[in-house]
2 protein chains.
Amino acid sequence: MFEKILVVEDLDSIGFGIVQMLKQKTAAREVEQALYCDEAYLKFLRAQQTQQPFDLVITDLSFKRDHRKSQINSGNELVKTLKAKQPDLKAIVYSVEDRSMKVKSLIKKYNIDGYVVKGREGLKHLIKAMDAIANNQKYLAPEVSSFIDRKTVFELDEYDIELLRQLSLGLNQREISAFFQKKNIQPSGISSIEKKLNRLKLELNAKTVTQLVAMGKDFGWV
Amino acid sequence: MFEKILVVEDLDSIGFGIVQMLKQKTAAREVEQALYCDEAYLKFLRAQQTQQPFDLVITDLSFKRDHRKSQINSGNELVKTLKAKQPDLKAIVYSVEDRSMKVKSLIKKYNIDGYVVKGREGLKHLIKAMDAIANNQKYLAPEVSSFIDRKTVFELDEYDIELLRQLSLGLNQREISAFFQKKNIQPSGISSIEKKLNRLKLELNAKTVTQLVAMGKDFGWV
DNA sequence: GTGTTCCATACGGCTTTCCGTAGCGGGGTG
DNA sequence: CACCCCGCTACGGAAAGCCGTATGGAACAC
């Protein structure tokens, strides 16, 4: 099992809860807590320098930003940074995010060993994840694992999301066309954008583009 | 101080964190935890019946719903229900929601004794809130208290919100006009709706109606 | 009563979006 | 090579949205 664990969470109640649980229910010898990603990075570096590196990091995904200016702003970036410095470090993401779309892309993109959804059984699943990872397996929370392989009813790709994003920022179709052209995103013709939106409306049962964007916000795509 | 406390939270890590903190840092004699509002209500009733009522409830605002069907679905409703049965019960809402608009209306509507924002110092503020309430004061987290009295830069009324809501549901302006007419909401003319939207775009610095709705979703108005 | 202000609504032109059709070029197949 | 399919794009007419102006009615002041 893991001996030295770093818990990264901006909500102190959660961080404190995890730390207490780890101390009470696992054999962890040392548990440290960080409220900021940058703080976590510093603790990580210090541990490495003193030849007592962490062997597991448990981190949230998104962090509230406050007055402090920070280099690292999300759990993804943190995991990426840490794994670059210490490849054998294991990482568990612990987040409320349970929508397959988001999680899927995260797991593909970053080299995460476990994904646990904050929920009514979050702590229990956290322990399960640690057991699995200690045995060199990956762990995926049940909330998302059922979604992850079976194809989602309808899948939005990067392009669709960027499109919705630009719309939500106030660009009209002509402006988006120009924007895509400048960024070399294909297709960029107004006509194609129209067609794309039309297809999205059809597939998602939306009557207007505005509704489409509203749904995007609701489901967290944008 | 409080002796018997009920903690209502759907995320076990938070609930566990709060409970541990209460046991370690306060004089609370008894702390109980509930994952569902209904569960909390049952524990509350049982405590009342055995002549050992709670004197404080700390609850989240929004709860994930799962397979279980539930009567009470939000912290508001829970507080309302409990206070109706036991008026001297004190209630603290502990939520991530830190937007003044939302919190403002909540505090006005429900008889909440304290509002604490989940954040990096959430647990500390929770203790402060308990101290204040024990002295018969109200407590408002610093994150929102600065916003609460000074008038918001721009205030949306019921009409504006209903307008955005209908737009987010896919109605176009003509349909909304008809809808308002049917519901006897004034003004209902297409022209007036146009004007209203125009003003909103101006005041909120939005270029398109779509952006307006996106902002509404972001700020939690819709 | 007259004048003023405010607000809902109507109207007309202009722009944007919507939607069906068609051209065009690349990649695969016979 | 001819052929076909597919995706990007262009175009044009219809619908919706945008915006400035005008009308009409209610409330209020003089």
Side-chain angles (χ1 to χ4, degrees), chain A residues 151-219 221-222, chain B residues 151 154-219 221-222:
Chain A
K151 294 205 193 313
T152 319
V153 190
F154 180 61
E155 192 111 8
L156 296 177
D157 56 22
E158 289 292 322
Y159 183 91
D160 299 327
I161 291 177
E162 186 60 26
L163 189 50
L164 293 185
R165 219 176 69 81
Q166 294 304 326
L167 284 169
S168 79
L169 293 176
L171 276 66
N172 66 19
Q173 299 182 4
R174 196 171 32 77
E175 291 167 328
I176 293 179
S177 170
F179 174 79
F180 279 1
Q181 207 138 32
K182 206 181 64 187
K183 291 246 177 183
N184 283 326
I185 299 176
Q186 284 278 343
S188 68
I190 289 189
S191 170
S192 303
I193 290 175
E194 287 173 9
K195 190 162 290 183
K196 206 86 182 177
L197 287 174
N198 212 359
R199 199 176 52 88
L200 284 175
K201 281 195 288 185
L202 216 69
E203 307 241 29
L204 295 173
N205 257 328
K207 280 185 295 210
T208 65
V209 171
T210 298
Q211 184 182 12
L212 215 49
V213 172
M215 292 173 71
K217 286 283 181 192
D218 279 341
F219 292 131
W221 303 326
V222 191
Chain B
K151 296 203 192 315
F154 181 59
E155 193 110 9
L156 297 177
D157 57 23
E158 288 292 323
Y159 184 91
D160 299 328
I161 291 176
E162 185 59 25
L163 189 51
L164 293 185
R165 220 175 68 82
Q166 294 305 325
L167 283 169
S168 79
L169 292 176
L171 275 66
N172 65 22
Q173 299 183 2
R174 195 171 32 77
E175 290 166 329
I176 292 179
S177 171
F179 174 78
F180 279 1
Q181 207 138 33
K182 208 181 63 187
K183 291 247 177 180
N184 283 325
I185 299 177
Q186 285 277 345
S188 68
I190 289 190
S191 170
S192 305
I193 290 175
E194 288 174 10
K195 190 164 290 184
K196 206 87 184 175
L197 287 175
N198 214 357
R199 198 176 54 85
L200 284 175
K201 281 194 290 185
L202 217 69
E203 307 241 30
L204 294 173
N205 256 328
K207 280 184 296 211
T208 64
V209 171
T210 298
Q211 185 182 11
L212 215 48
V213 172
M215 291 172 70
K217 286 283 182 193
D218 280 340
F219 292 132
W221 302 328
V222 190

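Hydrogens, waters and symmetry mates are skipped; everything else that's a heavy atom, side chains included, is used. Reminder, nothing fancy here: chain letters follow the sequence lines and each chain counts from 1.
Rounded to whole Å, the distance from CG on A:Leu202 to P on C:dC18 is 13 Å. The nearest whole Å value for the distance from the CG atom in A:Leu212 to the C1' atom in C:dT17 is 14 Å. Here the P atom of nucleotide C:dT17 and the NZ atom of A:Lys195 are 17 Å apart, to the nearest Å. One can place CZ of B:Arg199 at 15 Å from P of D:dC18, the figure rounded to the nearest angstrom. Atom C1' of nucleotide D:dA16 and atom NZ of A:Lys201 are separated by 11 Å, given to the nearest angstrom. For the pair B:Leu197 CG and C:dA8 P, the computed distance is 14 Å after rounding to whole Å. Across the protein-nucleic acid pair, A:Leu200 atom CG and C:dT17 atom C1' stand 16 Å apart, rounded to whole Å.
Residue A:Lys217 comes nearest to B:Lys217 through the heavy atom pair CB-CB, 3.7 Å, listed as atom of the first residue, atom of the second, then distance. The two residues A:Gly170 and B:Gln211 make their nearest non-hydrogen contact at CA-OE1, 3.2 Å. A:Ser168 and B:Ala214 make their closest contact through CB-CB, 3.6 Å (heavy atoms, listed as atom of the first residue, atom of the second, distance). Of all heavy-atom pairs spanning B:Ser192 and B:Pro187, the tightest one is CB-CB, 3.7 Å.
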Task: Residue pair A:Ile193, A:Lys196: steps toward the side chain to side chain contact (heavy atoms under 4.5 Å, CB included) verdict - done: CA-CA 5 Å; A:Ile193 290 175; A:Lys196 206 86 182 177; 5.5 Å; no
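In this structure, the side chain to side chain donor-acceptor pair (under 3.5 Å) partners of B:Gln166, at least two apart in sequence or on a different chain, are B:Glu162.
Counting only heavy atoms from C-beta outward, the side chains of A:Arg199 and A:Asp160 approach each other to under 4.5 Å.
Results of the side-chain contact (heavy atoms from CB on, under 4.5 Å) test with A:Leu197 over A:Thr208, A:Leu202, A:Ile176, A:Leu163 single out A:Leu163 as the only residue that passes. Test B:Thr210, B:Leu167, B:Val209 against A:Val213 for side-chain contact (heavy atoms from CB on, under 4.5 Å) and you get one pass: B:Thr210.
Taking only side-chain nitrogens and oxygens, B:Asn198 comes nearer than 4.0 Å to OP1 or OP2 of D:dC19.
The stretch residues 162-169 of chain A has no heavy atom under 4.0 Å from DNA chain C, so no residue of it qualifies as close. For the segment residues 171-194 of chain B, residues with any heavy atom less than 4.0 angstrom from an atom of DNA chain D are, sorted by number, B:Asn172, B:Gln173, B:Arg174, B:Glu194.
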